[in-house]
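Read through the structure below, which is laid out as structure tokens, and then see the notes.
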Amino acid sequence: DIPLNEEGRNQAQALQALLHNLDIAHIYHSPLFRAKETMHIACKHLEIPKVELDTLKERHFGEWEGTEWDEVKKDTHMHVVPKHGESYAA
């Protein structure tokens with residue numbers, strides 16, 4: 001997992017202004033570092049429960065990591081497990 005870059009931090013700041021005007025009861029986020037970092041920036045002033053859920057983790061795409069989806073889908077279909085990756089059932 002990687003931290004947010006400057007663009008990601010700027011996007012989280014922009015999100016903070018949008019969330020401030022909404023009636024939100026809870027914030028749910030994945031345990032990934034960048035998701036938590038986004039949540040801390042975007043929800044800084046929201047005094048509501050913030051809940052980390054393992055079920056929001058991303059799928060590990062094994063050898064497909066970093067490959068454009070158009071490249072993957074032309075060579076395979078959704079039910080194929082990527083080499084060194086995990087299935088949708090994981």
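Note that this is a predicted model, so its numbers are computed, not measured.
- Under the side-chain contact (heavy atoms from CB on, under 4.5 Å) criterion, Pro3 pairs with Phe33, Glu37, not counting sequence neighbours.
- Applying the side chain to side chain donor-acceptor pair (under 3.5 Å) rule to pairs touching residues 17-35 yields Asp1-Arg34, Arg34-Glu58, sequence neighbours excluded.
- Screening residues 45-56 for side chain to side chain donor-acceptor pair (under 3.5 Å) gives no qualifying pairs among residues at least two apart or on separate chains.
- Evaluation of the side-chain contact (heavy atoms from CB on, under 4.5 Å) rule for Leu19 yields Leu15, Leu22, Ile24, Ala42, Cys43, Leu46 as partners, not counting sequence neighbours.
- Legend: residues meeting side-chain contact (heavy atoms from CB on, under 4.5 Å) with Glu6, ordered by chain and number and at least two apart, are Arg9, Asn10.
- Looking at residues two or more places apart in sequence or on another chain, you find a side-chain contact (heavy atoms from CB on, under 4.5 Å) between Gln13 and Gln16, Ile41.
- Note on Leu56: it does not cluster hydrophobically with Ile27, by side-chain heavy-atom contacts below 4.5 Å among ILVMFWY residues.
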